[in-house]
Participant: 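Okay, handing you the structure first.
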Protein chains: 2
Amino acid sequence: MSLPHAILTALLEKPSSGLELTRRFDRSIGYFWSSTHQQIYRELGKLEQAGQIRALPSAQPARGQKKEYEVLPAGRAALSAWVALREDPKQIRDPLLLRMRAAAVVGAPGLDAELRRHLELHRKQLAEYLAIEERDFPPERNSEEDRLRHLVLRGGIDLENFWIGWLTRALDGIPATGSSPSAG
Amino acid sequence: MSLPHAILTALLEKPSSGLELTRRFDRSIGYFWSSTHQQIYRELGKLEQAGQIRALPSAQPARGQKKEYEVLPAGRAALSAWVALREDPKQIRDPLLLRMRAAAVVGAPGLDAELRRHLELHRKQLAEYLAIEERDFPPERNSEEDRLRHLVLRGGIDLENFWIGWLTRALDGIPATGSSPSAG
DNA sequence: CGCCATTATGCAACTTGTTGCATAATGGCG
DNA sequence: CGCCATTATGCAACAAGTTGCATAATGGCG
């Protein structure tokens, strides 16, 4: 139920073609709702059929040619309705935690190396988020919209900090199996 | 790729029937890899066909009757191989963050109430995890397996703390729209 | 026995997300 | 023009997860 609403949000921020949406997802909305271009095109088709978006008149309906979409009033209404919904947080689903649990049963040579690898990846992601924060949310930008968008980004930052903290503590708690731990 | 391995892990900890697995998932593994009984039965069938598990000889193959499974050597080997895999962390996918982003565009009356509701739910979940920690991981239990399982639970605890922290800060940062904020 | 709640297994249809590939326009270069 | 890289749209098959329901055994109760 979320992808169409992610697309509506992106299109309201700026009318775009399928590929443009894909690129914007990679840089922004995709940080908390990722998607491929195939999924986006499929969803754009459904949204158009449902009368929630339409192709801009300028865009010819030919295959290899850009086709830009904009949100119709029905689409905005649908998005508003969705925002107002209550929805319980879902249980997490994390393969790394699952693998650690499995490791408790079948053993885990090299698990510490995998944890270190993840730690590095999360540090990189955190650095990226912090760079975006510095660029997009200087103190003087403080409208209601900016504050909400900033909070969303803050969610990403806090989440990376959670992983970094947990992984660091986990590495303290399990024995090293790889080559010299001091040289990592 | 994860559910079959979650099932193998659970079956290695203790041979079980489909419904027993479902219940154990609800209480334990399901905290980070949830599943329904339908999915579990389907997966048990596939694992049996693949020669990774087998029904215990005592269990008659009749429809309304309990059928217990145990892991075969091939299953244990498959699980070990999976544990040794590298797998990058996936992007988060969170509808609440998405809704907040949408709210920045179409407005969000009542969003603060939803955040407060989530905050309460996460506090409850945290309390549940802490109770489990106290019950299952007293200081004297400190085998390698216990430490790994405890780390997994710690992941859940830390994650709830992340949400509680973020939601609290978010509520500080957006205006209250509901009835008297001081009486919440 | 007949009725019913509970325990238990399982199928089918659907939705969502992923992977691989096909097709079409456009513009640069020789 | 022919060739090719790039941009762009899109289909099809598959995998994973969800929802709704069907079926079967068992044990308690009248």
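Every chain is numbered from 1, with letters handed out A, B, ... down the list of sequences.
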Participant: Please state how far atom CE in M1(A) lies from atom P in dG17(C), giving the value in whole angstrom units.
Facilitator: 11 Å

Participant: Parallel, tilted or perpendicular: which one describes the rings of F162(B) and F162(A), with boundaries at 30° and 60°?
Facilitator: parallel

Participant: Under 30°, 30 to 60°, or over 60°: which ring-plane class applies to H118(B) and H122(B), parallel, tilted or perpendicular?
Facilitator: tilted

Participant: Roughly how many Å is it from CD in Q91(B) to P in dT16(C), rounded to a whole number?
Facilitator: 21 Å

Participant: Report the base-pairing partner of dG28(C) (Watson-Crick or G-U wobble, both distances below 3.5 angstrom), or none.
Facilitator: dC3(D)

Participant: Has the side chain of R42(A) got a donor or acceptor atom sitting under 3.5 Å from an opposite partner on the base of dG17(C)?
Facilitator: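 A donor-acceptor contact between them is present.
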
Participant: Report the base-pairing partner of dA22(C) (Watson-Crick or G-U wobble, both distances below 3.5 angstrom), or none.
Facilitator: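 The base-pairing partner of dA22(C), which may sit in any strand shown, is dT9(D).
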
Participant: Nearest whole angstrom, please: distance from the P of dT9(C) to the CZ of R23(B).
Facilitator: 9 Å

Participant: Without decimals, in angstroms, what is the distance between H5(A) NE2 and dT16(C) C1'?
Facilitator: 14 Å

Participant: Please confirm whether the shortest side-chain N or O distance from Q38(A) to OP1 or OP2 of dG10(D) is below 4.0 Å.
Facilitator: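 So the side chain of Q38(A) is outside the cut-off, no N or O lying under 4.0 Å from OP1 or OP2 of dG10(D).
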
Participant: Pick the nucleotide of DNA chain C nearest each of L19(B) and S35(A); which residue has the one closer to the 5' end?
Facilitator: L19(B)

Participant: For R93(B) and for Y69(B), locate the closest nucleotide of DNA chain C by heavy-atom distance; then report the residue assigned to the nucleotide nearer the 5' terminus.
Facilitator: Y69(B)

Participant: Rounding to a whole Å, what distance do you find between Q39(B):CD and dT9(C):C1'?
Facilitator: 16 Å

Participant: If the plane angle is over 60° it's perpendicular, under 30° parallel, otherwise tilted; pick one for Y129(A) and Y31(A).
Facilitator: perpendicular

Participant: Drop me the distance from W166(B)'s CH2 to D158(A)'s CG, to the nearest 0.5 angstrom.
Facilitator: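 One finds 9.0 Å between CH2 of W166(B) and CG of D158(A).
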
Participant: Would you kindly give the NZ-to-C1' distance between K46(B) and dA15(D), to the nearest whole Å?
Facilitator: 8 Å

Participant: In whole angstroms, how far is the C1' atom of dT16(C) from the CD1 atom of I40(A)?
Facilitator: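 Value for this atom pair: 14 Å.
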
Participant: Rounded to whole Å, how long is the line connecting atom CD of E43(A) with atom C1' of dT9(D)?
Facilitator: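 Roughly 16 Å, once rounded to whole Å.
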
Participant: Under 4.0 Å, heavy atoms only, any strand: does S17(B) hit a base, just the sugar-phosphate, or nothing?
Facilitator: sugar-phosphate

Participant: Which base sits across from dC14(D) as a Watson-Crick or G-U pair, both distances under 3.5 Å?
Facilitator: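 Answer to the pairing question: dG17(C), which forms a Watson-Crick or G-U pair with dC14(D).
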
Participant: Answer yes or no: does a side-chain N or O of K66(B) lie under 4.0 Å from OP1 or OP2 of dA8(C)?
Facilitator: yes

Participant: Using the six-membered ring wherever Trp is involved, compare the ring planes of H37(B) and Y41(B) and label them parallel, tilted or perpendicular (cut-offs 30° and 60°).
Facilitator: perpendicular

Participant: Nearest heavy atom decides the nucleotide; on that basis, is L3(B) or Y41(A) closer to the 5' end of DNA chain D?
Facilitator: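 Closest to the 5' end, via its nearest nucleotide, is Y41(A).
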
